[in-house]
Q: 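The structure under discussion is supplied below as structure tokens; questions concerning it will follow.
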Amino acid sequence: MERSLVLVKPDAMRRGLAGVIISRLEQRGLKIVAMKMLRMDRALAERHYAVHRGKAFFDGLVEYITSGPIIAAVFEGERAIEAIRQTMGATDPLKAAPGSIRGDFGLNIQENLVHGSDSPESAEREISLFFSPQELVGWEK
């Protein structure tokens, strides 16, 4: 079993797409093991996007993700990271497959609705930024 962080980003929240995004991931057979709504502060945003520090788009990422409320969730399942990334679609909505979240609802590459961890190592680091171990609810097999 694998776990991944998913962030429903401010543009999805403004557009009322949180339920659709969460539902699509559940329909893939993934289980929610933690979830909360919050407004990310600058310090948390900078830690979350630390791998992009020093890049030209870093400040824009931080400004965007702190521009409104988000939902942070942890999903669990077989090959969860790959399943989530496939369900989200390519970062650029114009290149995302129809049927994917970004392919169906994305408007532009800057505001792309949703984030999912890209590797088990990233997932572990990102989950720990948003959730304590006690907040992760396991599922019985």
Q: I need the L107 CG to L94 CG distance, nearest 0.5 Å.
A: 9.5 Å
Q: Cluster question for you: counting only ILVMFWY and a side-chain heavy-atom cut-off of under 4.5 Å, with indirect links fine, are M13 and I32 together?
A: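 In one cluster with M13: I32, yes.
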Q: Is R102 reaching over with its side chain to a backbone N or O of V114, donor-acceptor style, under 3.5 angstrom?
A: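 Checking the backbone N and O of V114 against the side chain of R102, a donor-acceptor pair under 3.5 Å is found.
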Q: What is the distance from atom CZ of R39 to atom CD1 of I70, rounded to the nearest 0.5 Å?
A: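 Reported value, rounded in 0.5 Å steps: 10.5 Å.
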Q: For atom CD of E124, is the number of surrounding heavy atoms from other residues, nucleotides or ligands below 6.0 Å larger than 12?
A: no
Q: Which heavy atom of A123 sits nearest a heavy atom of I81, and at what distance?
A: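 Shortest heavy-atom contact: CB-CD1, 4.1 Å.
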Q: Between CD of Q110 and CG of L61, what distance do you get to the nearest 0.5 Å?
A: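 The CD atom of Q110 sits 8.0 Å away from the CG atom of L61.
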Q: Before accepting this row, confirm whether a basic side-chain N of the pair R47/D41 lies closer than 4.0 Å to the acidic partner's carboxylate O.
A: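 Judged by the 4.0 Å cut-off on N to carboxylate O distance, R47 and D41 do not form a salt bridge.
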Q: Using modelled atom types only, decide if a donor and an acceptor are shared between the side chain of S117 and the backbone of L5 within a distance under 3.5 Å.
A: yes
Q: Working to the nearest 0.5 Å, report the span between CE of M40 and OG of S67.
A: 10.0 Å
Q: Between K36 and E135, does at least one N-O distance fall below 4.0 Å, as a salt bridge requires?
A: yes
Q: Passes side-chain contact (heavy atoms from CB on, under 4.5 Å), H52 versus F57? Steps please.
A: CA-CA 8 Å; H52 299 301; F57 57 86; 3.6 Å; yes
Q: Within a strict 4.5 Å, meaning less than it, do heavy atoms of the F130 and L44 side chains meet?
A: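 F130 reaches L44 side chain to side chain.
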Q: Can you check side-chain contact (heavy atoms from CB on, under 4.5 Å) on H115 and K9, steps first, answer last?
A: CA-CA 7 Å; H115 164 84; K9 295 180 178 181; 3.7 Å; yes
Q: Restricting to non-hydrogen atoms, name the atom on F58 and the atom on Y49 that form the minimum distance, rounded to 0.1 Å.
A: CE1-O, 3.4 Å
Q: My understanding is that only one of I127, V6, L30 makes a side-chain contact (heavy atoms from CB on, under 4.5 Å) with V74; could you say which?
A: I127
Q: Is E82 salt-bridged to R79, going by a charged N under 4.0 Å from an acidic O?
A: yes
Q: May I ask you to test the D11-L17 pair for a side-chain heavy-atom distance under 4.5 Å?
A: no
Q: Do E2 side-chain atoms and E78 backbone N/O form a donor-acceptor pair below 3.5 Å?
A: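 Between the backbone of E78 and the side chain of E2 there is no qualifying donor-acceptor contact (under 3.5 Å).
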Q: For a 4.5 angstrom cut-off between non-hydrogen side-chain atoms, does F131 reach M35?
A: no
Q: Under the 3.5 angstrom rule, does the side chain of R3 hit a backbone N or O of E76 as a donor-acceptor pair?
A: no
Q: Determine, step by step, whether V33 and F75 satisfy the side-chain contact (heavy atoms from CB on, under 4.5 Å) criterion, reporting the C-alpha distance in whole Å, the side-chain angles of both residues, the deciding distance to 0.1 Å, and the verdict.
A: CA-CA 6 Å; V33 297; F75 282 85; over 6 Å; no
Q: Taking all atoms of both residues into account, what is the closest heavy-atom pair of P69 and M37, and its distance?
A: CB-CE, 3.8 Å
Q: Check this for me: does any side-chain nitrogen of one of D59 and R42 sit under 4.0 Å from a carboxylate oxygen of the other?
A: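 Salt bridge: yes.
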Q: Would a 4.5 Å heavy-atom cut-off, applied to side chains only, mark L113 and I101 as touching?
A: yes
Q: State whether the side chain of T66 and the backbone N or O of V62 hold a donor-acceptor pair below 3.5 Å, judged by distance alone.
A: yes
Q: Compute whether any side-chain donor of one residue and acceptor of the other, for S23 and Q27, lie under 3.5 angstrom apart.
A: yes
Q: Less than 3.5 Å apart, any donor N or O on the side chain of R28 or T87 sitting next to an acceptor on the other?
A: yes
Q: Atom CG in D118, atom CD1 in I84: separation rounded to 0.5 Å?
A: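 The distance works out to 12.0 Å.
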Q: Test your reading of the model: is there a side-chain donor-acceptor pair from D92 to the backbone of I109, 3.5 Å cut-off?
A: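 Checked: no pair found.
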Q: So, R14 and E111, do they make that salt bridge, N to O below 4.0 Å?
A: yes
